[in-house]
Amino acid sequence: MAVYSSPAPASAANCTMEPTHGTVTRFIGDRMYALNVPPGLKGPAPLMISLHGTGDTAAGMEAETGWSSYAAAHHFIVAYPQGIALDQTWHFERGSVDVAFLTGLVRNVESTWCIDARRVYAEGWSNGGIMAQRLACDAADVFTAVAGWESSDAIDPNPATFSLGTPCVPGRPISVGIFQGRLDPISSPIVGAINTQSWISRDNCPRKAVTSTSTMSTDLFGAFTTPGPCADATGLVWRLEFNTAHEWPTGPIGEDLRGQIWSFLSSYSLP
């Protein structure tokens with residue numbers, strides 16, 4: 001198994017909030033990620049890692065999600081890692097090479113920029129959302145909260161790596177957001193209900209997942225349930241965006257999704 005090392009975090013006196021003036025490419029060994037540090041950050045700033053789906057790229061994830069402009073408006077740094085080039089996917093097995101790469105990425109950013117270590121988040125789309133949940137399973141000491149869009153539980157089999165699935169045993173209760181499109185034929189609402197139930201058990205939340213839309217809170221763009229509060233003041237949310245299948249939505253629904261994900265993640269910080 002490869003181990004990705006990176007420089008130690010910069011001291012408070014030496015770190016910078018210098019913007020990247022757009023999105024720049026950085027490397028950790030032979031692995032690449034894109035980084036966008038908006039202008040005007042006062043620091044230390046939150047960091048969010050955004051993980052693309054199978055067959056996609058870091059650049060594609062940035063373009064499709066609109067996170068960079070959103071980060072500029074909401075004052076955080078965003079990184080877009082690239083999956084392994086052969087299959088452009090994530091190895092979401094327990095202790096995988098990508099767990100090492102993504103935790104190393106956080107340290108790599110911290111080696112230059114002033115990052116608030118209490119507010120480091122991960123979110124992902126499809127296979128990337130599963131990887132985000134694996135980070136919750138394996139690296140809860142690094143990541144404050146995670147969210148997955150159109151994903152499933154990280155204990156599921158991974159066809160890309162011929163894995164039959166591996167356990168999820170977080171080192172602490174950790175806040176998890178499960179976001180889905182109601183019309184998604186791949187990550188269906190049933191998948192979301194099962195995924196939510198798994199995190200209810202892991203985070204010791206007080207009530208079972210709600211599967212009936214009649215008992216879910218609704219708004220103009222979607223419906224959600226929030227089992228909780230969970231152990232150690234962590235949270236869990238399961239949200240269904242209306243009229244959306246297995247894609248990152250555009251227009252008002254896409255804006256709503258970004259807002260819902262960031263509102264969930266940014267409401268949590270480590271002690």
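Asn158 pairs in a side chain to side chain donor-acceptor pair (under 3.5 Å) with only one of the listed residues (Glu93, Arg134, His91), which is Glu93. Evaluated for a side-chain contact (heavy atoms from CB on, under 4.5 Å) with Thr16, the options Leu41, Thr112, Val37 yield exactly one hit, Thr112.
Residues Ile77 and Val24 are members of one and the same hydrophobic cluster, defined by side-chain heavy-atom contacts under 4.5 angstrom among Ile, Leu, Val, Met, Phe, Trp and Tyr. In terms of hydrophobic clustering, with Ile, Leu, Val, Met, Phe, Trp and Tyr side chains grouped at heavy-atom distances under 4.5 Å, Met17 and Val120 are assigned to a common cluster. Residues Trp90 and Tyr33 share a hydrophobic cluster, clusters being chains of Ile/Leu/Val/Met/Phe/Trp/Tyr side chains in contact below 4.5 Å. Under a hydrophobic-cluster definition in which Ile, Leu, Val, Met, Phe, Trp and Tyr are linked whenever side-chain heavy atoms come within less than 4.5 Å, directly or via other members, Ile155 and Ile130 are assigned to different clusters. Criterion: ILVMFWY side-chain heavy atoms under 4.5 Å apart, direct or through other members. Under it, Trp149 and Ile186 are not part of a common hydrophobic cluster.
Atom OG of Ser96 and atom CD1 of Ile84 lie 8.0 Å apart (nearest 0.5 Å). Expressed to the nearest 0.5 Å, how far CE of Met48 lies from OH of Tyr121 amounts to 11.0 Å. Here Leu47 contributes atom CG and Glu110 contributes atom CD; the two are 8.0 Å apart, rounded to the nearest 0.5 Å. Atom CZ of residue Phe179 and atom CG of residue Asp184 lie 15.0 Å apart, to the nearest 0.5 angstrom. We find the CD1-OH distance between Ile174 and Tyr268 to be 11.5 Å, quoted to the nearest 0.5 Å. From Leu236, atom CG reaches atom OG1 of Thr225 across 8.5 Å, with rounding to the nearest 0.5 Å.
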For this session: Could you please spell out the steps behind the side-chain hydrogen bond (donor to acceptor under 3.5 Å, both in side chains) verdict for Trp199 and Gln133?
Result: CA-CA 10 Å; Trp199 282 104; Gln133 292 191 59; 2.8 Å; yes

For this session: Evaluate the side-chain contact (heavy atoms from CB on, under 4.5 Å) criterion for residues Ile194 and Asp153: first the C-alpha distance (whole Å), next the side-chain angles of each, then the deciding distance (0.1 Å), finally the verdict.
Result: CA-CA 8 Å; Ile194 295 170; Asp153 202 337; over 6 Å; no

Problem set entry | Criterion side-chain contact (heavy atoms from CB on, under 4.5 Å) on Phe221 and Gln260, from CA distance to verdict | CA-CA 10 Å; Phe221 297 106; Gln260 293 286 350; over 6 Å; no

For this session: Output, in order, the C-alpha distance, side-chain angles, deciding distance and verdict of side-chain contact (heavy atoms from CB on, under 4.5 Å) for Gln88 and Asn127.
Result: CA-CA 10 Å; Gln88 292 180 322; Asn127 174 263; over 6 Å; no

For this session: Please assess Arg239 against Asp256 for the test side-chain contact (heavy atoms from CB on, under 4.5 Å), listing each intermediate value before the final yes or no.
Result: CA-CA 11 Å; Arg239 180 172 176 81; Asp256 178 73; 2.9 Å; yes

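Ring geometry, Trp262 versus Phe76: the interplanar angle falls under 30°, so the pair is classed parallel (tilted spans 30 to 60°).
Counting all heavy atoms, side chain and backbone alike, Val78 lies closest to Ala71 at CG1-CB, 4.1 Å.
Counted by atom type alone, Arg172 and Thr234 present zero donor-acceptor pairs between their side chains at under 3.5 Å. Side-chain N/O atoms of Glu150 and Ser126 include no donor and acceptor closer than 3.5 Å. Between the side chains of Glu62 and Ser68, a donor-acceptor pair is found at a separation under 3.5 Å.
For Trp67 and Tyr80, the gap between ring centers reaches or exceeds 6.0 Å.
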